[in-house]
Amino acid sequence: MKQPEELVRQMTLEEKASLCSGEDFWHTKAVERLGIPQIMMSDGPHGLRTQKERVDQLGINESIEAICFPTGCALASSFDPKVMACLGENLAAEAQSEGVHTVLGPAVNIKRSPLCGRNFEYLSEDPLAAGKMAASYVKAMQAKGTGVSLKHFAANNQELCRMRVDEHISGRALREIYLANFEKVVKEASPWTIMCSYNRINGTYSSENTWLLTQVLRKEWGYTGIVMTDWGAMNRRTIALKAGLDLEMPSSHGETDKQIVKAVREGKLDEAFVDQTVVRMLAYIQKCLEGMPKETSPYDKNAHSELSGKLEEECAVLLKNKNNLLPLKKGMKLAVIGEFAKKPRYQGGGSSHIHSTKVVGALEAFDAMDIPYTYAKGFPYDEDKEDEKLFEEAINAAKDADIAIIFAGLPESFESEGFDRKDMELPACQNQLIARIAAVQPNIAVVLHNGSPVTIPWLDKVSSILEMYLGGQQVGTATVNLLTGKANPSGRLSETFPVRLEDTPCYLTYPGNGRTALYGEDIFVGYRYYEKKGIAVNFPFGFGLSYTTFTLSDLVLSNEEITDKDSLTVQVKIKNTGNRLGKEVVQLYVANPKDGEELRPLKELRDFAKVELKPQEEKTVAFTLGKRAFAYWEERLHDWYVPEGTYTICIGTSSKDIALQKKIHIKATTAIPFKVADTTTCADVWNYASNSGLLDDLLRRHGKDPTDPQEKATWVDMPLHSIVSFLPVSMEEIDELIQKLH
């Protein structure tokens with residue numbers, strides 16, 4: 001294929017327009033006259049949903065057989081970029097074997113509320129965690145020659161009316177929470193494509209948002225790839241083209257191509273916009289062609305299936321383990337309860353739904369390892385229905401065992417793409433049975449299969465809880481390996497588990513009325529909110545237990561004072577003080593100075609590292625922090641800003657469990673410009689104006705003493721224009737004062 005610029009010069013306007021929309025559900029258009037081929041895409045954040053015949057958006061029609069790896073909610077809990085890289089490399093091999101050039105995903109949208117129906121696919125409530133994990137996936141997959149489509153740009157945080165809802169978000173919340181995750185992936189991994197979201201942001205559809213797609217994405221972040229729509233996310237084609245939207249998917253049956261041609265010929269659209277888009281499209285096509293091997297071969301499905309289980313072992317989170325009930329002791333009499341043990345809930349519903357090559361449940365895995373057990377169904381797999389006969393059977397099995405292992409979770413009908421959850425509850429029949437078993441059996445381990453947090457009314461009645469999330473097609477093997485101690489749990493929560501729905505940050509405003517959604521919690525999402533409000537949670541962000549123990553020590557900072565232009569190196573030692581191999585996630589948070597002019601979270605995750613240690617082994621972990629680790633988005637500067645002050649470097653194993661702290665003073669080299677207007681308060685003048693004595697002089701001329709605390713309190717919050725209401729001064733005098741102060 002010739003160079004993009006040369007090809008554009010040879011193309012007719014109609015041919016150019018044809019490259020701006022899909023040929024069908026999964027392919028771009030070809031221009032055979034110039035040797036420009038089709039490019040094929042497939043759903044697949046955690047496995048290929050490639051459809052060769054009957055196609056659809058929500059996973060209703062069957063796709064080819066493929067490996068279902070752990071979903072995003074599980075993968076992020078690995079807190080290990082190497083896990084994401086391994087997934088990316090292996091998915092690239094699968095994609096190439098099926099002739100797929102670009103895999104749609106990863107999905108990095110922030111988990112604003114536990115109720116979002118698509119949370120199982122998303123990574124975290126924290127933008128740093130989501131961005132760092134996704135960047136590793138993108139780099140690994142694209143290094144193997146398969147493109148990705150980072151999605152959904154931006155603020156796709158609910159399913160209710162997602163194709164029209166208008167998200168009302170402050171500029172600061174956008175920058176710090178809802179764009180920072182995308183920014184990190186764009187700058188560190190350069191995804192070949194980015195998929196815009198359905199929703200509107202502050203009144204403008206993402207597909208038509210010039211500020212989002214051109215100003216921020218391309219000009220500020222330096223993005224050079226293409227932007228495509230989510231399937232059906234196009235609104236007005238020519239406006240979207242000018243905004244920076246390159247490819248509409250799926251096919252528009254030629255309708256929007258005609259709109260582009262007509263707009264150019266009528267002088268309503270500069271052809272330069274079309275050329276710019278086509279050059280980007282051709283460069284993307286060229287990358288896809290160069291990445292696809294000349295000869296493709298089938299991948300080893302059995303090996304990839306086994307890999308799925310190994311990755312899930314890195315993802316599962318041990319939430320509770322009273323009296324070290326787990327791992328299971330040899331010779332224990334096991335009662336396995338719940339149909340999820342036989343038919344695991346291992347993936348989400350919707351566009352990421354995989355036609356798996358096989359599915360291994362826990363019962364099959366117990367059998368494969370020759371571990372005896374008694375099984376009782378207990379409750380239905382896919383509905384909330386109490387069956388007293390099933391209950392009695394399960395209770396009797398539990399009573400006669402040394403330990404009851406109860407497999408519980410959310411049926412697919414409770415959470416899926418396309419709708420949001422109504423509450424955080426497990427099916428009532430599950431909660432009821434767990435409570436009744438707890439009355440006859442003190443040793444209970446609950447295994448959870450769910451895509452997002454649930455309330456846990458029986459938390460104090462069970463000894464152990466193992467959160468498997470939606471763990472892919474080998475989840476049963478991974479579960480049994482973890483229960484028996486063949487594998488040591490090392491996952492950590494990438495989202496907070498609140499006590500109840502009413503405690504969540506956006507409880508009052510989520511998901512809105514279907515027309516608008518107010519992000520009233522602003523930057524206080526997830527742990528940022530719970531910590532600021534002092535709200536108790538069931539399990540904090542970053543939390544997870546192990547079968548071994550670790551200690552953190554010897555926190556060292558490279559400096560005690562730096563400027564906002566310097567970097568800071570942080571070192572800390574971690575030791576495995578237990579008697580088995582294990583992995584711990586060392587988490588670095590930065591605690592902000594006490595609130596100044598701008599409200600900030602108590603502390604924020606700024607880096608993390610997963611470390612494997614043999615018994616009694618010790619390692620040193622190093623982090624490097626730059627300006628962004630201490631900054632917030634300052635609307636007045638339209639930039640990141642670090643207030644001068646003393647910050648605290650916090651090292652711990654969750655947002656709550658901080659083991660080590662050290663102070664660092666940062667000197668600011670940038671000042672916020674002080675602009676004076678008639679609405680400026682006297683306090684602002686006294687705090688920020690270099691010549692604030694002019695205001696003191698005015699007050700003294702009229703018998704007021706600004707040095708007297710009680711007198712000064714009268715004027716602190718008063719705008720300058722209001723002085724005329726209390727002193728015999730004219731507006732001309734006030735205007736003159738403003739000019740001099742300014």
Side-chain angles (χ1 to χ4, degrees), residues 76-83 124 126-129 131-133 135-136 184 188 314 317-318 488-494 527-528 531 540-564 566-593 601-631 642 645-666:
S77 292
S78 75
F79 264 90
D80 191 348
K82 294 192 292 293
V83 166
S124 181
D126 182 84
L128 183 280
K132 183 172 180 176
M133 295 292 281
S136 182
K184 190 169 185 66
E188 294 186 5
E314 299 284 337
V317 186
L318 183 61
N488 192 348
S490 63
R492 304 294 181 259
L493 292 178
S494 66
Y527 69 89
R528 289 167 167 82
E531 291 190 354
F541 174 87
F543 176 80
L545 301 174
S546 171
Y547 294 151
T548 188
T549 54
F550 303 91
T551 59
L552 294 163
S553 65
D554 299 327
L555 173 60
V556 178
L557 308 185
S558 58
N559 296 93
E560 294 181 354
E561 182 175 275
I562 60 174
T563 74
D564 55 15
D566 300 325
S567 60
L568 177 71
T569 300
V570 179
Q571 289 188 332
V572 65
K573 290 182 179 178
I574 179 169
K575 183 176 182 179
N576 182 346
T577 55
N579 58 8
R580 66 168 68 213
L581 179 74
K583 296 180 181 181
E584 180 61 283
V585 178
V586 182
Q587 300 165 41
L588 188 159
Y589 297 83
V590 172
N592 299 304
L602 295 183
K603 64 178 180 289
E604 299 174 87
L605 181 71
R606 293 311 189 201
D607 210 345
F608 59 87
K610 193 169 192 178
V611 185
E612 182 177 69
L613 295 164
K614 299 173 184 175
Q616 304 305 310
E617 184 180 10
E618 184 176 67
K619 291 181 180 179
T620 298
V621 181
F623 302 99
T624 300
L625 303 179
K627 174 181 177 179
R628 285 287 290 273
F630 307 97
V642 180
T646 300
Y647 296 74
T648 306
I649 304 301
C650 306
I651 302 293
T653 52
S654 79
S655 62
K656 182 180 179 181
D657 301 303
I658 301 300
L660 304 169
Q661 301 183 35
K662 274 201 173 180
K663 305 287 186 182
I664 176 73
H665 187 79
I666 301 182

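Position 1 is the first residue of the sequence; numbering continues from there. It should be emphasised that the depicted structure is a prediction, and the values quoted were computed from it without experimental measurement. Side chains are part of it too, since the values below use all heavy atoms of this structure and drop only hydrogens, waters and symmetry mates.
Of all the heavy atoms in Ser124 and Ser494, the pair that sits closest is OG-O, 2.8 Å. In terms of heavy atoms, Ala622 sits closest to Gln571 at CB-CG, 4.0 Å. Closest of all the heavy-atom pairs between Lys82 and Ser136 is N-OG, 4.4 Å. Here the closest non-hydrogen pair linking Tyr589 and Lys603 is CB-CD, 3.8 Å. Nearest approach of Val83 to Ser78, heavy atoms of both residues: CB-OG, 3.7 Å. When all heavy atoms are compared, the tightest approach of Met133 to Pro81 is SD-N, 3.7 Å.
Under the side chain to side chain contact (heavy atoms under 4.5 Å, CB included) criterion, Arg628 pairs with Ala180, Glu183, Trp640, sequence neighbours left out. For the side chain to side chain contact (heavy atoms under 4.5 Å, CB included) test, residues two or more places apart in sequence or in another chain that qualify with Leu545 are Leu318, Asn321, Phe543. Partners of Asp564 under the side-chain hydrogen bond (donor to acceptor under 3.5 Å, both in side chains) rule, at least two apart in sequence or in another chain, are Thr669. Checked against side-chain hydrogen bond (donor to acceptor under 3.5 Å, both in side chains), Lys663 has the following partners two or more places apart in sequence or in another chain: Thr648.
We find the CG-CG distance between Leu588 and Asp607 to be 6.5 Å, quoted to the nearest 0.5 Å. One finds the CD1 atom of Ile658 at 7.5 Å from the OG1 atom of Thr653 (value rounded to the nearest 0.5 Å). Taking CG of Leu581 as the reference point, atom CG of Asn576 lies at 7.5 Å (rounded to 0.5 Å). Atom CD1 of Ile664 sits about 5.0 Å away from atom CG of Leu568, to the nearest 0.5 Å. With rounding to the nearest 0.5 Å, the separation of CD in Glu604 from CD in Glu531 is 10.0 Å. Note that NZ of Lys575 is 10.0 Å distant from OG1 of Thr549, once rounded to the nearest 0.5 Å.
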Requested in this report: Apply side-chain contact (heavy atoms from CB on, under 4.5 Å) to the pair Tyr647 and Asn592, showing each step before the final yes or no.
Outcome: CA-CA 5 Å; Tyr647 296 74; Asn592 299 304; 3.9 Å; yes
Requested in this report: Would you check, one step at a time, whether the test side-chain contact (heavy atoms from CB on, under 4.5 Å) holds for Leu625 with Ile649?
Outcome: CA-CA 10 Å; Leu625 303 179; Ile649 304 301; 3.9 Å; yes
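The backbone N or O of Gly542 lies less than 3.5 Å from a partner atom in the side chain of Gln587, making a donor-acceptor pair.
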With a cut-off of 3.5 Å and sequence neighbours excluded, list every side-chain donor-acceptor pair involving residues 550-563.
from   : atom 1 : to     : atom 2 : distance (Å)
Ser558 : OG     : Thr569 : N      : 3.0
Thr563 : OG1    : Lys565 : N      : 3.2
Thr563 : OG1    : Asp566 : OD2    : 3.0

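In this structure the side chain of Arg606 never reaches within 4.5 angstrom of the side chain of Leu128, judged on heavy atoms.
More than 12 heavy atoms of other residues, nucleotides or ligands sit less than 6.0 Å from atom CG of Asp657. Atom NZ of Lys627 has more than 12 neighbouring heavy atoms from other residues, nucleotides or ligands inside a 6.0 Å radius.
For the salt bridge (charged side-chain N to carboxylate O under 4.0 Å, His left out) test with Glu584, the passing option among Lys610, Arg492, Lys573 is Arg492; the others fail.
Under the side-chain hydrogen bond (donor to acceptor under 3.5 Å, both in side chains) criterion, no residue pair touches residues 611-621, with sequence neighbours excluded.
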